[in-house]
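The first residue in the sequence is number 1, and the count goes up from there.
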Amino acid sequence: QVQLVESGGGLVQAGGSLRLSCAASGRTFSDYAMGWFRQAPGKEREFVAAITWSGVSTYYADSVKGRFTISRDNAKNTVYLQMNSLKPEDTAVYYCAAPGRPSWGYGSDLFKDASYDYWGQGTQVTVSS
C-alpha cells in the first residue's frame, strides 16, 4: 500500500529556514503528482504547494510564494519543501499528499485536498517570533 512519511519539522525562529521531506513507498513514485498542505490550530487544512508528476510544473499558495520551494527526487522517492524566511503564521502541522491517479493533475486540480487519496501523518513546524 502507499505510505507517505514526513520529516524535517521543528522549532525555528522567524526568518529561519527548514526543509521538509516526504518519503513515499508502495508504488512508482515518478508517476504521481505530490502536494503539501498545512493545518494550524483552529483552522482548516490549506494548500501550500504542489508539483506535477513530470516535475515540470510547480504551484504555490500566495502566502508562501517566493519563500517556499517544492521539488522532487524520483531516484529517492522523495518530495521536499524548502521553507525560507519563515514567519510565525507559518506555524502548523505540514502534510504531504498524493493523488490516486497516475500521470494526472495540473493547476487547480492540485490545490484541493479532495484531489488527494493518500496522506502522511504530518510534521509539526513552529516558528517563534
Side-chain angles (χ1 to χ4, degrees):
Q1 77 246 29
V2 176
Q3 286 193 316
L4 304 174
V5 179
E6 301 98 335
S7 61
L11 174 64
V12 63
Q13 287 190 330
S17 298
L18 283 174
R19 187 176 81 155
L20 304 184
S21 301
C22 173
S25 61
R27 63 183 185 182
T28 304
F29 176 75
S30 59
D31 287 346
Y32 297 86
M34 296 293 295
W36 285 96
F37 288 74
R38 67 186 182 187
Q39 187 167 22
K43 295 189 177 181
E44 292 189 353
R45 186 165 58 192
E46 64 175 0
F47 170 77
V48 175
I51 186 166
T52 55
W53 63 275
S54 65
V56 170
S57 298
T58 56
Y59 308 95
Y60 299 93
D62 288 343
S63 59
V64 307
K65 206 169 291 183
R67 300 188 297 122
F68 290 11
T69 303
I70 187 171
S71 62
R72 64 190 301 155
D73 185 339
N74 290 338
K76 295 183 178 180
N77 291 349
T78 300
V79 62
Y80 302 99
L81 185 68
Q82 178 67 44
M83 306 185 295
N84 298 330
S85 302
L86 283 161
K87 305 175 180 179
E89 51 264 43
D90 294 318
T91 295
V93 177
Y94 284 71
Y95 299 91
C96 72
R101 287 175 277 179
S103 308
W104 175 88
Y106 293 94
S108 60
D109 292 339
L110 299 176
F111 301 168
K112 298 167 284 193
D113 56 5
S115 295
Y116 296 83
D117 298 281
Y118 302 100
W119 294 83
Q121 82 288 351
T123 187
Q124 176 71 47
V125 171
T126 302
V127 184
S128 63
S129 56

**Q.** Heavy-atom check, side chain of Glu44 versus side chain of Asp113, under 4.5 Å
**A.** no
Q: Would you give the length of the straight line joining atom CD of Glu46 to atom CD of Gln39, rounded to the nearest 0.5 angstrom?
A: 9.5 Å
**Q.** Shared hydrophobic cluster for Phe111 and Trp53 (ILVMFWY, side-chain gaps under 4.5 Å)
**A.** yes
Q: Please confirm whether the backbone N or O of Ser85 pairs with a side-chain atom of Arg67, one donor and one acceptor, at under 3.5 Å?
A: yes
Q: Would you check if the side chain of Thr123 reaches a backbone N or O of Glu6 as a donor-acceptor pair within less than 3.5 Å?
A: no
Q. Is it the case that one hydrophobic cluster holds both Tyr60 and Phe47, taking links as side-chain heavy atoms less than 4.5 Å apart, direct or via other members?
A. no
Q: Return yes when atom NZ of Lys65 has more than 12 non-hydrogen atoms of other residues, nucleotides or ligands closer than 6.0 Å, and no otherwise.
A: yes
Q: Could you tell me which non-hydrogen atom of Val79 sits nearest to which non-hydrogen atom of Ser71, and how far apart they are?
A: CG2-O, 3.1 Å
Q: Identify the heavy atoms of Ser129 and Pro88 that sit nearest to each other, and give their distance.
A: CB-CG, 3.8 Å
**Q.** Residue pair Ala50 / Leu110: nearest heavy atoms and the distance that separates them
**A.** CB-CB, 3.7 Å
Q | Ring geometry between Tyr94 and Phe68 (parallel below 30°, tilted from 30 to 60°, perpendicular above 60°) | A | tilted
Q.
Determine whether a donor-acceptor pair (N or O, by modelled atom type, separation under 3.5 Å) exists between the side chain of Arg101 and the backbone of Ser115.
A. no
Q. What are the two closest non-hydrogen atoms of Thr52 and Gly105, and how far apart are they?
A. CG2-O, 3.5 Å
Q) Can you get from Val12 to Val64 by hopping between Ile, Leu, Val, Met, Phe, Trp and Tyr side chains that sit under 4.5 Å apart? A) yes
Q: I would like to know whether Trp36 and Tyr80 meet side-chain hydrogen bond (donor to acceptor under 3.5 Å, both in side chains); could you show each step before the answer?
A: CA-CA 9 Å; Trp36 285 96; Tyr80 302 99; over 6 Å; no
Q) When you look at Phe37 and Tyr116, which way does the ring-ring contact (aromatic ring centres under 6.0 Å, His included) test go after all the steps? A) CA-CA 11 Å; Phe37 288 74; Tyr116 296 83; 5.1 Å; yes
Q. Considering all heavy atoms of both residues, which atom of Cys96 and which atom of Leu4 are nearest to each other, and what is their separation?
A. SG-CB, 3.7 Å
Q. Looking at OG of Ser57 and CD1 of Ile70, how far apart are the two atoms once the value is rounded to the nearest 0.5 Å?
A. 11.5 Å
Q: Taking the side chain as every heavy atom from C-beta outward, state whether Asp117 and Val2 have any atom pair closer than 4.5 Å.
A: no
**Q.** Spacing of CG belonging to Leu86 relative to OG1 belonging to Thr126, to within rounding of 0.5 Å
**A.** 10.5 Å
Q: Compare all side-chain heavy atoms of Tyr118 with those of Gln1 and state whether any distance is below 4.5 angstrom.
A: no
Q. Between atom CG of Asn77 and atom OG of Ser30, what is the distance when rounded to the nearest 0.5 Å?
A. 8.0 Å
Q: Report yes or no: does Tyr59 contribute a side-chain atom to a donor-acceptor pair with the main-chain N or O of Tyr106 at less than 3.5 Å?
A: no
Q. Does the Thr91 side chain pair with the main chain of Val127, one donor and one acceptor, at a distance under 3.5 Å?
A. yes
Q.
With rounding to the nearest 0.5 angstrom, report the OH to CZ distance, Tyr32 to Arg27.
A. 4.5 Å
Q) Do Asp90 and Met83 have side chains that get closer than 4.5 Å, going by heavy atoms? A) no
Q.
To the closest 0.5 Å, what do you measure between OG1 (Thr69) and CG (Asn84)?
A. 6.5 Å
